[in-house]
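For reference, the structure discussed in these notes is given below.
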Protein chains: 2
Amino acid sequence: MAQICSECAVRDQSLCGSLSDTELTTLNSIGRSRHLNRGETLVWAGDDALVCANLLSGVLKLSASTADGREQIVGLLYPADFVGRPFAEEAEHSITALTDVELCVFPRKGFENALETHARLERMLLRRTLCALDEARARMLMLGRKTAEEKVASFLIDMALHLARNTASRVTEFELPVTRAQIADVLGLTIETVSRQLTKLKRDRLIDLPTGRQVMILDRGALRLRSEAA
Amino acid sequence: MAQICSECAVRDQSLCGSLSDTELTTLNSIGRSRHLNRGETLVWAGDDALVCANLLSGVLKLSASTADGREQIVGLLYPADFVGRPFAEEAEHSITALTDVELCVFPRKGFENALETHARLERMLLRRTLCALDEARARMLMLGRKTAEEKVASFLIDMALHLARNTASRVTEFELPVTRAQIADVLGLTIETVSRQLTKLKRDRLIDLPTGRQVMILDRGALRLRSEAA
DNA sequence: CGGTGGCTTGACTGGTCTCAATAGATGTGG
DNA sequence: CCACATCTATTGAGACCAGTCAAGCCACCG
């Protein structure tokens, strides 16, 4: 590994933050830095699950598909998130870069050994997995029971939480790391419906869309209301 | 605890199966047997998360709701499944009995202590949680991208896996532990749509419905086809 | 310039929901 | 054992939300 863990961009927030510098030597020795270009896929669903990783920068999507090609994004991963599925021989989901991405990649078997050796690492992974499960289930409520407008509003609020810079005057502004098609795949909608709902929120002055990718949340309270009720 | 672990109905399949008889003394001392009647709720979403448990018999639902009362069932729990959410102060989901239920209940704090003491227990819980996450994500694909017919077919196949008795002649038969309303809440549909799709599958001779709750799968292959393609 | 990919908008379709009526199950008390 | 209430399930008619198909816009780029 070219760069050592103590210089890692996400040293404190990532799973590895649970380990001391000396404990990290094992992981350090098996970890490799890896870059993915926007659009590149790290793992295909159905492949052998060969790697785990920590996400250093960028955004990854986790996606599942039906036999005839309909796609659903089942999770988005942000810097410091853990990537991969220990203890499974075969990958259930594809993992694809939505932006350029930097990863710290471990061979799965080696990472599993580290889990068994370092109880604290295992404990942190358990906590993260439990949180990921809560999040997945919250998204099930959204997919099953929310309207298109509620879904889009929820998505924007969610994105703001992960990416937002707060400017003065209570306006939140950020740049979407995803296309309309990808938003649709997260929300279980079509591109056209996403576009129409965004236009509607803009027309109602809850948000502004200076460019296609730029989003300004003008009235977060109202947006939250639309994300929750009919 | 009235009955000791060595006599437990799910001793081998449950999380506790990872522990030796002597290791079990801790859990044994804090575990309490508990019965729930059909319809009773163990935990309400938003409550303090006070308990964890192992499910001994019956079926539980995990559910989330919007502010205006729309409900989504985000998971079903069967005998030997683990119940609850360690390391969270507040419950994210309601836990309700769909049938009469027997549980082995632990105070959450005590169970968390046991996790920290017994690495093998923690390891087994991690593996289960990872599997639960895979399952939740598979269900996200279903909720977001499948049609009503595909959803109902998927549900029946899923139920068969958990409950089925195989009779002669490749026919699978079981009794639904859930009402049409609950099926609808699992699939993100309405009662009426579920009923119509079941009738349709029956008319097409893929299944039979001798009574409202009894299901016979007549052609599993064809049913699987309908669960996957348009 | 023309080509490409991403986005928006419109017209139309159709699958699912809503509302409503009815029938079947189940349980209770007279 | 029956009358009745209640809960569950089925079925139909109509409305509506989101999907489909199609056209056009815009920014970017060779």
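Chain letters run A, B, ... following the sequence lines, proteins first, then strands; residues in each count from 1.
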Polar-atom pairs under 3.5 Å, protein N or O versus N or O of nucleotides 26-30 of chain D: list them with distances, or write none.
none

For residues 53-63 of chain A, which side-chain N or O atoms pair as donor and acceptor with protein atoms under 3.5 Å away, sequence neighbours left out?
{"residue": "K61(A)", "atom": "NZ", "partner": "E71(A)", "partner atom": "OE2", "Å": "2.9"}

- Give the first and the last nucleotide of DNA chain C, reading 5' to 3', that has any atom under 4.0 Å from a heavy atom of chain A. dC7(C) to dA11(C)
Nearest 0.5 Å please: distance from the [atom1] atom of [X] over to the [atom2] atom of [Y].
X	Y	atom1	atom2	result
M216(A)	E173(A)	CE	CD	5.0 Å
T172(A)	L163(A)	OG1	CG	11.5 Å
Q13(A)	D81(A)	CD	CG	10.5 Å

- Find the bend of the helix from dC1(C)-dG30(D) to dG30(C)-dC1(D) as the angle between its two terminal axes (five pairs each), to the nearest 10°.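 About 30°, once rounded to a multiple of 10°.
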All pairs passing side-chain hydrogen bond (donor to acceptor under 3.5 Å, both in side chains) where [range] contributes a residue, at least two apart:
range	value
residues 153-164 of chain A	K146(A)-S154(A)
residues 128-137 of chain A	D134(A)-R85(B), E135(A)-R139(A)
residues 201-212 of chain A	D204(A)-R226(A)

Check whether [X] reaches the backbone of [Y] with its side chain - one donor and one acceptor, N or O, closer than 3.5 Å.
X	Y	value
S94(A)	A45(A)	yes
R70(B)	L141(A)	no
E175(B)	V215(B)	no
R180(A)	S195(A)	no

- OP1 or OP2 of dA9(D) under 4.0 Å from side-chain N/O of R213(B): yes
- Note on the structure: Per the under-4.0 Å heavy-atom filter, residues of residues 198-206 of chain B near DNA chain C come out as none
- Letter per nucleotide, 5' to 3', of nucleotides 18-24 of chain D [B base touched, S only sugar-phosphate touched, - untouched; heavy atoms, 4.0 Å]: SSBB---
For [X], give me all partners under salt bridge (charged side-chain N to carboxylate O under 4.0 Å, His left out), at least two apart in sequence or on another chain.
X	result
R38(A)	none
E90(B)	none
R145(A)	D185(B)

- Query: Does V51(B) reach the side chain of F111(B), with side-chain heavy atoms less than 4.5 Å apart?
  - Reply: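 No, side chains not in contact.
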- Message: In whole Å, I'd like the distance from the CD1 atom of I191(B) to the C1' atom of dC7(D).
- Response: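 The distance from CD1 of I191(B) to C1' of dC7(D) comes to 11 Å, rounded to the nearest Å.
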